[in-house]
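Taking it in order: structure first as structure tokens, then the write-up.
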Amino acid sequence: MSEQPRDSSAPTLFTWEFATDPYPAYAWLREHAPVHRTTLPSGVDAWLVTRYADARKALADPRLSKNPQRHSAAAHAKGKVGIPGEQRADLMTHLLNIDPPDHTRLRRLVSKAFTPRRVAAFTPRVQTLTDQLIDTFEERGEADLIHEFAFPLPIYAICDLLGVPREDQDDFRDWAGAMIRHGGGPRGGVARAVKRIRAYLGELIHRKRLELGERREEEDGEDLISGLIRASDHGEHLTENEAAAMAFILLFAGFETTVNLIGNGVYALLRHPEQRTVMRRALEDGDERLLAAGVEELLRYDGPVEIATWRFAIEPLTLAGQRIAEGEPVLVVLAAADRDPERFAEPDVLDLTRRDNQHLGYGHGIHYCLGAPLARLEAQTAIATLLRRLPGLRLAADPEDLRWRGGLIMRGLRTLPVTWNSADR
């Protein structure tokens with residue numbers, strides 16, 4: 001690893017205290033060590049990029065590859081870089097791990113599922129799911145909004161989009177739960193969940209290929225897995241492993257980000273009652289523009305992805321004065337970049353009416369999050385419906401007692417206990 005002078009005043013990273021509120025540490029790094037060498041909990045050395053301008057450049061730099069094997073095939077096999085278990089499960093060839101031209105080809109195929117028209121057509125289903133989940137706890141007067149709401153909503157939505165039969169979706173919910181528990185679950189739980197998902201996707205792809213053989217023409221509203229199979233059967237050169245890997249990463253990246261977006265967003269609104277009042281009044285007045293702008297501000301203020309997924313230098317390069325050697329990991333800290341005072345006025349203030357808000361919450365460049373339109377739809381629907389149906393919503397725990405999930409990439413609460421009075425509705 002390239003050498004960087006050590007600073008004894010540098011903050012300690014990746015502790016439980018840091019996870020609760022990483023923003024003071026990131027502010028120090030932005031000012032004193034904007035491209036900072038650190039040792040991750042996994043033992044891998046990596047560079048952290050914390051300033052907005054540097055982060056935006058790094059996210060679009062073709063010299064930074066997404067392929068974990070550019071760093072070390074052995075480290076990837078052990079789950080120290082990338083997603084644990086993905087290599088052993090033959091789930092490597094997905095959008096978070098590949099570069100052009102394969103990235104361009106696969107993104108073109110799957111982007112058909114996230115067109116504005118397709119997402120708009122999915123709106124009634126998201127609203128139905130949202131209402132059904134609130135129905136299960138509304139009369140009780142209390143709930144854990146992570147486990148009972150923010151977690152199942154995107155799971156069921158992405159399963160519908162992929163074409164997972166309703167009778168199998170609870171299995172997916174269990175596997176997904178094992179994937180996001182990280183340090184909170186049994187050792188090796190993530191890799192086992194990945195293996196189970198891979199086996200299921202192989203069977204599902206096989207069944208759907210047989211079904212497609214019986215109906216030659218594409219049908220309106222065809223699910224994504226069927227669309228991928230149809231594309232591969234029409235000369236798009238999509239292998240079975242690629243189809244399974246694409247379905248897997250859409251599940252993995254498509255639900256955990258939304259769990260955290262909803263959870264972190266509701267938590268921020270509960271901690272800032274004046275901003276919640278602004279949102280509620282806008283909803284009462286039918287002003288959907290503030291809802292959209294508000295979700296963007298929640299993405300910037302305390303977004304679901306703390307650090308962008310892995311990148312690896314394919315050649316020696318210099319970033320903000322730091323020399324990075326070939327093969328070294330570079331991690332763009334979105335949470336730090338989106339609170340950079342050089343880019344955002346009063347960055348530590350939550351302002352739902354903020355206008356200049358070109359945050360990096362969903363990345364930048366060719367790897368910009370493909371599922372962002374669906375995540376935004378789910379978050380807007382979830383937050384608006386909660387505020388309308390449970391206007392007296394409030395925290396049922398001391399914020400200092402809440403715990404954040406471990407893990408390098410994502411930022412999200414383990415639980416979000418809330419309460420309300422039936423008279424408030």
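Position 1 is the first residue of the sequence, and the numbers go up from there.
Between Arg105 and Asp102 there is a salt bridge, since at least one side-chain N of the basic residue sits less than 4.0 Å from a carboxylate O of the acidic one. Asp160 has a carboxylate O that lies under 4.0 Å from a charged side-chain N of Arg166, or vice versa, which qualifies the two as a salt bridge. Ion pairing between Asp171 and Arg196 fails under the 4.0 Å rule for side-chain N and carboxylate O. Of the charged side-chain nitrogens involved, at least one lies within less than 4.0 Å of a carboxylate oxygen, so that Asp223 and Lys208 count as a salt-bridged pair.
Considering all non-hydrogen atoms of both residues, Thr258 and Pro154 come closest at CB-CB, 3.7 Å. Here the closest heavy-atom approach between residue Ala379 and residue Ile262 is recorded as CA-CG1, 4.1 Å. When every heavy atom of Tyr368 is checked against every heavy atom of Gly363, the shortest pair comes out as CD1-O, 3.4 Å. For the residue pair Ala282 and Leu290, the shortest heavy atom distance occurs at CB-CD2, 3.3 Å. The shortest heavy-atom contact between Ile134 and Leu386 is CD1-CD2, 4.0 Å. Here the closest non-hydrogen pair linking Ile366 and Arg107 is O-NH1, 3.4 Å.
Looking only at distances, no side-chain donor or acceptor of Thr381 sits under 3.5 Å from a matching main-chain atom of Glu378. With hydrogens and angles disregarded, a donor-acceptor distance shorter than 3.5 Å links the side chain of Gln169 to the backbone of Val164. Within the 3.5 Å criterion, the main-chain N or O of Ile409 finds no donor-acceptor partner in the side chain of Arg411. Arg405 contributes no side-chain N or O that, together with a main-chain N or O of Thr415, makes up a donor-acceptor pair within less than 3.5 Å. With hydrogens and angles ignored, the 3.5 Å screen pairs a side-chain donor or acceptor of Arg276 with a backbone N or O of Leu393. A donor-acceptor contact shorter than 3.5 Å links the side chain of Ser111 to the backbone of Arg108. No donor-acceptor pair closer than 3.5 Å links the side chain of Glu148 to the backbone N or O of Leu145. Checking side-chain atoms of His272 against main-chain N and O of Ala268 turns up a donor-acceptor pair under 3.5 Å. Side chain of Asp54 to main chain of Ala320: no donor-acceptor pair is present (N/O by atom type, distance under 3.5 Å, no hydrogens or angles). Side chain of Asn264 to backbone of Asp302: a donor-acceptor contact under 3.5 angstrom is found.
Taking 4.5 Å as the limit, some side-chain heavy atom of Pro399 sits within range of a side-chain heavy atom of Arg271. Contact of the Val35 side chain with the Val330 side chain is not registered, since no non-hydrogen atoms from C-beta on lie closer than 4.5 Å. A 4.5 Å side-chain heavy-atom check between Phe172 and Ile158 finds every atom pair outside the cut-off. In this structure the side chain of Tyr52 never reaches within 4.5 angstrom of the side chain of Lys57, judged on heavy atoms. With a 4.5 Å cut-off on side-chain heavy atoms, Leu162 and Leu201 do not count as touching. Proximity of Val418 to Leu270: side-chain heavy atoms (C-beta onward) are separated by under 4.5 Å at one or more points. Leu408 has its side chain within reach of Phe14: a pair of non-hydrogen atoms, C-beta onward, lies under 4.5 Å apart. In this structure the side chain of His36 never reaches within 4.5 angstrom of the side chain of Trp47, judged on heavy atoms.
Figure legend: Arg339 and Tyr301 shown as a cation-pi pair, the cationic atom lying under 6.0 angstrom from the six-membered ring centre and within 45 degrees of its axis. Annotation: cation-pi pair Arg403/Trp16 absent, no NZ/CZ under 6.0 Å from the ring centroid and within 45° of its normal. At least one test fails for Arg173 against the ring of Phe151: distance under 6.0 Å to the centre or angle within 45° of the axis.
Here the OG1-CG distance, from Thr309 to Asn97, works out to 8.5 Å after rounding to the nearest 0.5 Å. Rounding to the nearest 0.5 Å gives a distance of 10.5 Å between OG of Ser65 and CD of Glu326. The distance from atom CZ of Phe122 to atom CG of Leu377, rounded to the nearest 0.5 Å, is 8.5 Å. Note that CG of Asn260 and CE of Met410 are 6.5 Å apart. Values are rounded to the nearest 0.5 Å. One distance of note links CD of Glu346 with CG of Asp348; it measures 9.5 Å at 0.5 Å rounding. Between Leu319 atom CG and Glu328 atom CD the span is 11.5 Å, to the nearest 0.5 Å.
A side chain to side chain contact (heavy atoms under 4.5 Å, CB included) with Leu413 holds for exactly one of Leu402, Val259, Asp144; it is Leu402. His359 pairs with exactly one of Arg354, Arg300, Glu296 by the side chain to side chain donor-acceptor pair (under 3.5 Å) rule, that one being Glu296. Looking at Trp404, Tyr26, Tyr23 one by one, the single match for ring pair (Phe, Tyr, Trp, His ring centres under 6.0 Å) with Phe18 turns out to be Tyr26.
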Output, in order, the C-alpha distance, side-chain angles, deciding distance and verdict of side-chain contact (heavy atoms from CB on, under 4.5 Å) for Phe312 and Trp310.
-> CA-CA 7 Å; Phe312 308 92; Trp310 296 83; 3.5 Å; yes
Go through Asp135 and Arg389 one step at a time and tell me if the side-chain contact (heavy atoms from CB on, under 4.5 Å) criterion holds.
-> CA-CA 10 Å; Asp135 287 345; Arg389 292 186 59 175; 2.6 Å; yes
Full working for salt bridge (Lys or Arg N to Asp or Glu O under 4.0 Å) between Arg343 and Asp338 | CA-CA 8 Å; Arg343 177 60 187 82; Asp338 280 343; over 6 Å; no
Between Cys369 and Thr257, is a side-chain contact (heavy atoms from CB on, under 4.5 Å) present by the stated rule, with each step listed?
-> CA-CA 10 Å; Cys369 178; Thr257 51; 5.7 Å; no
Could you go step by step and tell me if Ile205 and Arg209 meet the side-chain contact (heavy atoms from CB on, under 4.5 Å) rule?
-> CA-CA 6 Å; Ile205 289 170; Arg209 178 165 272 127; 4.1 Å; yes
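Side chains of Thr353 and Asp351: a donor on one and an acceptor on the other come within 3.5 Å. One side chain, Tyr200 or Asp168, offers a donor N or O that lies under 3.5 Å from an acceptor on the other. Checking Arg30 against Thr50 by side-chain atom types alone, no donor-acceptor pair falls below 3.5 Å. For the residue pair Tyr156 / Asp170, a side-chain donor-acceptor distance below 3.5 Å is found, with atom types taken as modelled.
In Glu342, the CD atom is not crowded: 12 or fewer heavy atoms of neighbouring residues, nucleotides or ligands sit closer than 6.0 Å.
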